[in-house]
2 protein chains.
Amino acid sequence: MATIYDVAKAAGVSPKTVSRVMNGDAPVNQATREAVEQAMLALNYVPSSAARTMRSQRSGLIGMITGAISTTHQFEDAGLPEIYLVQGAQRVIGQSNRTLLIADSGGQADRIPTLLQTFREHRVEGILYVAEYHREVTLPASLRDLPIVLVNCFDAAETPCILPDDEGGQFTLVDGLIRRGHQRIAYLTLPEHQVACGLRVAGYHRAHAQHGIAVDERLIQVGALPSPTHEFDLLWDALDRVLKAEPTVICCANDKMAMRVYGLLRDRGVAIPQQMSVAGYDDYRMIAEHLHPGLTSAVLPYAAMGARAADKLLRLIGGSTKPGEPNREHVSAPVAWRDSVLTRDANVTQLNSRRRET
Amino acid sequence: MATIYDVAKAAGVSPKTVSRVMNGDAPVNQATREAVEQAMLALNYVPSSAARTMRSQRSGLIGMITGAISTTHQFEDAGLPEIYLVQGAQRVIGQSNRTLLIADSGGQADRIPTLLQTFREHRVEGILYVAEYHREVTLPASLRDLPIVLVNCFDAAETPCILPDDEGGQFTLVDGLIRRGHQRIAYLTLPEHQVACGLRVAGYHRAHAQHGIAVDERLIQVGALPSPTHEFDLLWDALDRVLKAEPTVICCANDKMAMRVYGLLRDRGVAIPQQMSVAGYDDYRMIAEHLHPGLTSAVLPYAAMGARAADKLLRLIGGSTKPGEPNREHVSAPVAWRDSVLTRDANVTQLNSRRRET
DNA sequence: CGATGTCATGACATCGGTGTCATAAATGAA
DNA sequence: TTCATTTATGACACCGATGTCATGACATCG
């Protein structure tokens, strides 16, 4: 592999001049520059980032640590859309001329120290710490000395973080449902211990309050999906309970649950959306777009969160954080309206976008 | 950040001795070793991979280049399960004490050269080139000088690659259906230009041949999903056509299509699986497990493919490829049987696993 | 015309590890 | 006891960039 010395020799200049051509940090004669560029091309020269890192003490690497990717196998597959997160982050990081180093903990917390060690060896300039679902975490003490931004999680120490606006998302969804003529809105929630659950229920209430609609508590039920720990289909019971309260629409905690509700409702001979509207959360497009009818869903803005997180991290590294900047940032997102929600009030027009022609 | 010199000074030895303690490449006195280890701990020493790479000329990095992650936005989201691929690869690579450097082309082919440049600067020892779906590719000429393994794709130059066994997967599925008493098996295929389409149709035929069942060609239809380019729901027509041939089960090209077929069948009042069995392909668990009833699906073994590819690449790098080793390797996988397939022949017992209690 | 400044370039040291070789002490064999 | 090994350690150079400083050739100014 050609080095800067080979290029220098071929171009008949000193290595330092080659360096100057590459970095443009000092004027170089036009003729010299061309000679050097030709030599680089001829030798297929690629500068060594290792040598650069060593001399400049800057690796140009950003570490991203994620557990969710593999958590998938062990627990639930809630984490899949994380790739959007990677995407969003990578776009921003790439623009800053840095490289993203991704490490997957494989869902095993005990592997994290090893991964961090690798990051340190590569002298990453900062770390994006990604959780598979909105939650509180406790950072290993060994992370305190690196610029770090948490994504989809937060800690007690107020480490900078980027979170989804769960309250706002559910508010927007329910508000939209009400505007579409729904008054009895059922809600099959996440397990109550989840951070997002409380926030979204709050959004649900705020939307009702804003429209002066009293909330019938029977409409809110925890909609547990079957899992390795819960053999039985608790969702079936939860659905049963909310149906007794006679809703016109059922909000589900996520698209997966909504997909299941589609099946359960149809087993009972309930037509979607003619007899019952359904909404999800996540806008997990692989599901939401391909269910029939298309599933209305509050967007979980992973790509935007990744980008925001990368941006914040770069500012942390560059020391250019604004003085008043809050440590915790919430990313809002719209609702993707699809055909699973029926507009009941004939006076409400033009709200239901993306109509399918059948 | 502490260097090897700091550690040496603290431990009262030479840097080289510290190096020996770390690498164990020469005997070190027990007392000395302990002193060094203590110093490393006290100073929180982490060796610099940049310095190592420079001296040893080995980066310990493997590059993975993928387009699918972002293709998602632009075309179809077929690529999502790639994360499993990353996982599988990372496990193997981690065991070899190397680090995986992942670059996402963002679905834009023109960004690939930039990514490769980054890989080169980091002196990756080899490359995993991942396609979003089973296809033929043409490698940029600049890749010829690096050890490389294609994943989910192949090229005319017979570059080593790892492919899914599409023929075998569909065969296993159809064979299983026949054993469960199905004789009229509809098949909504992928678009015909896709490599996997031909292979799977071949598997479909082989299974029929093996059981001496003639294939009614009307049962095989291309089942295009709606997409930006196809506004209309061609799947609806395709389904219409296969239903005329009176099948007892419908095989779909992928789980996404199967999900849609669930909806379309139910619109027609067809109960799954009582009146019609359904099967998918991919075993995209987020869909297959949560559809109701659970979707039977041929597994697309991404994790195994990632691991196999990493393994093959490491052997290429290490020069320990077996002489007779084929360039193209196919990874087989079983079928995940779930409740969407009805066992029709009462004599066939114990085949339908994972029964749900309702 | 000499002083000063800018442009263009090179010599040299340095970043933090590790390969090579040298050396001294301890051990074992003859 | 003496020579041959083995063990334990250090001195030194080197990997490939780039920061610092020096130098020579011109250009500009008073």
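Order of the sequence lines fixes the chain letters, A, B, ..., with proteins taken first and strands second; residue numbering starts at 1 for each chain.
Protein atom OH of B:Tyr5 is 14 Å distant from nucleotide atom P of D:dG10, rounded to whole Å. In this structure, CD of B:Gln30 is placed 16 Å from C1' of D:dT9, rounded to the nearest angstrom. Between the P atom of D:dA17 and the CG atom of A:Asp25 lies a distance of 15 Å, rounded to the nearest Å. Distance, A:Met54 CE to D:dC14 P: 14 Å, rounded to whole Å. Rounded to an integer number of Å, the gap from B:Arg20 CZ to D:dA8 P is 11 Å.
Applying the side chain to side chain donor-acceptor pair (under 3.5 Å) test to every pair with at least one member in residues 32-55 of chain A, sequence neighbours left out, gives these pairs: A:Gln30-A:Glu34, A:Ser49-B:His122.
A donor-acceptor distance shorter than 3.5 angstrom exists from the side chain of A:Arg123 to the backbone of A:Arg120, with no hydrogens or angles considered. The backbone N or O of B:Asp104 sits less than 3.5 Å from a side-chain atom of A:Gln90, completing a donor-acceptor pair.
The line from CG of A:Asp6 to NZ of A:Lys9 is 6.5 Å long, rounded to the nearest 0.5 Å. Note that NZ of A:Lys312 and CD of A:Glu325 are 4.0 Å apart. Values are rounded to the nearest 0.5 Å.
Other residues, nucleotides and ligands place more than 12 heavy atoms under 6.0 Å from the CG atom of B:Asp25.
Between D:dG16 and A:Ser48, no contact under 4.0 Å exists linking OP1 or OP2 to a side-chain N or O. For the OP1/OP2 pair of D:dC15 and a distance below 4.0 Å, the side-chain nitrogens and oxygens of B:Thr53 include no atom meeting the criterion.
Nucleic acid contact class of B:Val18 (heavy atoms, under 4.0 Å, all strands): none. Residue contacts shown for A:Met22 are limited to sugar-phosphate atoms, with no base heavy atom under 4.0 Å away. Heavy atoms of A:Thr17 sit under 4.0 angstrom from primed sugar atoms or phosphate atoms, though from no base atom. Using a 4.0 Å heavy-atom criterion, one finds that A:Thr32 contacts the sugar-phosphate atoms exclusively.
Ranked by how close their nearest DNA chain D nucleotide is to the 5' end, B:Lys16 and B:Ala51 are led by B:Lys16. Between A:Pro27 and A:Gln57, it is A:Pro27 whose nearest contact on DNA chain C lies nearer the 5' terminus.
The outermost nucleotides of DNA chain C lying under 4.0 Å from heavy atoms of chain B, listed 5' to 3', are C:dG16 to C:dT20.
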Working note: B:Val137 + B:Leu150, criterion side chain to side chain contact (heavy atoms under 4.5 Å, CB included); need CA distance, chi angles, decisive distance, verdict.
CA-CA 9 Å; B:Val137 295; B:Leu150 306 181; 4.2 Å; yes
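Between the side chains of A:Ser96 and A:Arg98, at least one donor-acceptor pair of N or O atoms lies under 3.5 Å.
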Strand DNA chain D in bracket notation, Watson-Crick/G-U under 3.5 Å with | for pairs to another chain
||||||||||||||||||||||||||||||
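Residues A:Val124 and A:Leu146 come closest through the heavy atom pair O-CD2, 3.7 Å.
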